[in-house]
Number of protein chains: 2
Amino acid sequence: MLKEERQHAILNEVELHNRVLLTDLAEKLEVSIDTVRRDVKELDTENLLVKVHGGAVSLGFANHSPTRGNVYALDKKITIANKAKALIRENSVVLIDGGTTCLELARLLPANLKLTCFTLSLPVAMELLNKPNIQTIFIGGTLSPDSQIAMGSSAIHALSEIKVDYSFIGTGYVDAQYGLTEFDWDVVQTKKAVINASKKTVLLCISEKLNSQHRFKTCDINAINTMVTELEPWDEKLAAFKNMNIQLL
Amino acid sequence: MLKEERQHAILNEVELHNRVLLTDLAEKLEVSIDTVRRDVKELDTENLLVKVHGGAVSLGFANHSPTRGNVYALDKKITIANKAKALIRENSVVLIDGGTTCLELARLLPANLKLTCFTLSLPVAMELLNKPNIQTIFIGGTLSPDSQIAMGSSAIHALSEIKVDYSFIGTGYVDAQYGLTEFDWDVVQTKKAVINASKKTVLLCISEKLNSQHRFKTCDINAINTMVTELEPWDEKLAAFKNMNIQLL
DNA sequence: CTTATATTTGCAGTATTTTGCAATATAAGT
DNA sequence: ACTTATATTGCAAAATACTGCAAATATAAG
């Protein structure tokens, strides 16, 4: 039996039952458990399934995003996304940025919500297409392979021609004093354009990113209208942001 | 037995069973395993199959991607995509349309090919992002939930500002007399803009679509430079297209 | 028709990959 | 903590792949 054939069979089994035990696979395929283990490991690194202790589960079952996703601090991000969702009113026009937190927001939008939604992010767009009542408009541009968002002059130009009610953005780093900063210059340019295209800007940001900086600056804190974290508003980590002119959720 | 003949037989076997062992091939074709090995190696470098340890698997079988659901006539579409791929030259600028056939083309592009690639299709863009040497530019616009491509005035406007070497498009229906037709008016408008943005246009089309029409017309047959089907060029289904001014692959 | 040249094929020796096993380490359950 | 189940690692045997070479075959030229 060919290795590819075996791995194909494993994938089928996983897709079918959502979860399988390595021991069952070994028996069914008539190979040693070590071989199954190695196959599953390979398939896992190719992001075709998720290896867990004693077996494997399908991507969907693992709440693993369809893109190569990190599920780091997923629960926090879901908390943030839920808070942010409350800001969105029916029939408004919003923009959703890239990043895993924003992707969660897109995922959590209710199916019956009528909305016009702009985005620069490929995964967010994929997610929004599943929502029948959301009109999705993609801001075109050169796609960045790692962040999977559109950037560059054409994206910035397209953004200059719109004005949305709310934009929901992420950031690499945020600090009460230095504002929002990024590692990548192009990302900064794009985010600036997003903020300019918005009547109100909402920052989605897990607490780990608070009080951190990097080399390029997107904007000051007061360019943001609302900052959403997973923390309670009275948490001391937010103290530095309290007397800024922004809403904390 | 001629080499050509043998390789053809190998391909048939692979297409039929999706997987073959080199030892089986050697026995069946009555040649040494080395010869089979060399043949398979050649076919692999021509991207007609994928050589693996101990045997070979068909292209469809090899690219087991979880994002690809059940695709109708996948093998034919892979054949078409492979033929179309041969038209693409290094460092050229191409545009890839939506549709499952075009998606297969994107999937089959070699990882080492340097290319600038425009697209309107979300799935195609996702696929292209996996290719490190391809610069991907997304044509923004209103996304259609079912076809997952950008359409509307902004997409058409963005297309009016570019000129690519080759565009690869699909179509709903095609007929030698009536040309390319579609069910959806917006799709027609977008495809027209794509054709205008291209020096040369290549139509990817499975044989089932030949000699069929629908209500809205995209263009005449002679607006197309090349038509790629899974058929051999002398197939009688293509007879009606023979004396048109287009290349058949 | 014959000779010269190039291609193809099979073989043998040597690398590489795959696989299962055993020993040890890590994680999960009670 | 203790026991069981699962993972990891190193290793050796088997299977498969690659290399160079010589015989066989095909192709081209005279």
Side-chain angles (χ1 to χ4, degrees), chain A residues 1-64 68-75, chain B residues 1-65 110-112:
Chain A
M1 178 179 248
L2 242 39
K3 194 175 87 173
E4 277 62 30
E5 198 178 346
R6 217 177 38 230
Q7 298 192 352
H8 207 83
I10 291 174
L11 272 177
N12 274 342
E13 205 67 15
V14 169
E15 296 284 320
L16 193 62
H17 298 110
N18 276 327
R19 63 184 187 84
V20 285
L21 299 176
L22 297 188
T23 50
D24 290 351
L25 284 173
E27 194 179 345
K28 184 166 271 178
L29 300 171
E30 297 179 331
V31 289
S32 81
I33 195 163
D34 299 72
T35 304
V36 171
R37 213 186 294 284
R38 274 184 276 240
D39 282 339
V40 167
K41 199 174 192 173
E42 272 186 46
L43 293 169
D44 179 83
T45 55
E46 290 172 46
N47 279 311
L48 296 171
L49 50 69
V50 178
K51 177 165 144 33
V52 296
H53 208 91
V57 296
S58 71
L59 293 176
F61 200 75
N63 197 3
H64 204 264
R68 53 176 181 279
N70 79 356
V71 283
Y72 170 68
L74 181 62
D75 49 345
Chain B
M1 178 179 255
L2 277 108
K3 197 172 93 170
E4 279 271 321
E5 194 178 346
R6 214 177 39 231
Q7 297 196 352
H8 220 268
I10 292 175
L11 270 180
N12 270 344
E13 203 67 14
V14 170
E15 292 296 319
L16 192 61
H17 298 109
N18 274 329
R19 65 182 181 86
V20 282
L21 301 176
L22 295 188
T23 51
D24 289 352
L25 284 173
E27 194 179 345
K28 184 166 273 179
L29 300 170
E30 296 179 333
V31 289
S32 81
I33 196 161
D34 299 71
T35 304
V36 172
R37 214 186 293 285
R38 274 184 277 240
D39 282 338
V40 167
K41 198 175 190 175
E42 273 185 45
L43 294 169
D44 178 85
T45 53
E46 290 172 47
N47 276 308
L48 297 170
L49 50 69
V50 178
K51 176 166 144 36
V52 298
H53 200 94
V57 296
S58 71
L59 294 173
F61 196 87
N63 273 344
H64 192 292
S65 160
N112 57 1

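Since the structure is predicted, the reported quantities are computational estimates derived from the model, not experimental observations.
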Participant: Looking for any heavy atom pair under 4.0 Å, which part of the strands does B/Val52 touch: base, sugar-phosphate only, or nothing?
Facilitator: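 Sugar-phosphate only.
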Participant: Provide the closest heavy-atom pair for B/Ala56 versus B/Val14 in the form atom of the first, atom of the second, distance.
Facilitator: CB-CG2, 4.4 Å
Participant: Taking all non-hydrogen atoms of both residues into account, name the closest pair between A/Asp44 and A/Lys51 and its distance.
Facilitator: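 The pair with the smallest heavy-atom distance is OD1-N, 2.9 Å.
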Participant: Taking all non-hydrogen atoms of both residues, which atom of B/Val57 and which atom of B/Leu49 are closest, and how far apart?
Facilitator: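 So the minimum-distance heavy-atom pair works out to O-CB, 3.7 Å.
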Participant: Do the non-hydrogen side-chain atoms of B/Glu42 and B/Gln7 ever get within less than 4.5 Å of each other?
Facilitator: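 Yes; the side chains approach each other to less than 4.5 Å.
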Participant: Report the distance from atom CD of B/Glu4 to atom P of D/dT25, rounded to the nearest whole Å.
Facilitator: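 So the CD-P distance, B/Glu4 to D/dT25, works out to 20 Å.
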Participant: In terms of side-chain heavy atoms of B/Ser32, which of C/dT9, C/dG10, D/dT16 is nearest?
Facilitator: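 For the B/Ser32 side chain, the nearest candidate turns out to be C/dG10.
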Participant: Are any non-hydrogen side-chain atoms of B/Arg19 and A/His8 less than 4.5 angstrom apart?
Facilitator: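 A side-chain contact under 4.5 Å is absent here.
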Participant: Give the rounded distance in Å between these two atoms: CD of A/Glu42 and C1' of D/dT8.
Facilitator: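 Taking atom C1' of D/dT8 as the reference, CD of A/Glu42 is at 16 Å.
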Participant: Go through C/dT18, C/dC11, D/dC18 for me and flag the one nearest to the B/Lys51 side chain.
Facilitator: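 Nearest to the side-chain atoms of B/Lys51, counting from C-beta on, is D/dC18.
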Participant: Respond yes when some side-chain nitrogen or oxygen of A/Arg6 is under 4.0 Å from OP1 or OP2 of C/dT19, and no when none is.
Facilitator: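 Yes, because at least one side-chain N or O of A/Arg6 sits under 4.0 Å from OP1 or OP2 of C/dT19.
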Participant: Figure out the CZ/C1' separation between B/Arg38 and C/dG10, and round it to whole Å.
Facilitator: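 It is 7 Å, rounded to the nearest whole Å.
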Participant: Nearest-Å distance, CG (B/Asp34) to P (D/dA24)?
Facilitator: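 The distance from CG of B/Asp34 to P of D/dA24 comes to 17 Å, rounded to the nearest Å.
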Participant: Could you identify the nucleotide paired to D/dG30, looking across every strand shown and requiring Watson-Crick or G-U wobble geometry with both distances under 3.5 Å?
Facilitator: C/dC1
Participant: Find the distance B/Leu21:CG to C/dT18:P and express it as a whole number of Å.
Facilitator: 15 Å
Participant: For A/Val40, report the nucleic acid contact type (base, sugar-phosphate, nothing); a contact means any heavy atom under 4.0 Å.
Facilitator: nothing
Participant: Nearest whole angstrom, please: distance from the P of D/dA17 to the NZ of B/Lys41.
Facilitator: 11 Å
Participant: Could you tell me the separation between the CE atom of A/Met1 and the P atom of C/dT18, rounded to a whole number of Å?
Facilitator: 16 Å
Participant: Where the side chain of B/His53 is concerned, which of C/dT17, C/dT19, D/dT19 is the nearest nucleotide?
Facilitator: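 Output: C/dT17.
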Participant: Could you tell me how far apart A/Ile33 (CD1) and D/dT8 (C1') are, to the nearest whole angstrom?
Facilitator: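 A/Ile33 atom CD1 is separated from D/dT8 atom C1' by 13 Å.
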Participant: Can you find a side chain N or O atom of B/Lys3 that sits less than 4.0 Å from OP1 or OP2 on C/dT7?
Facilitator: no
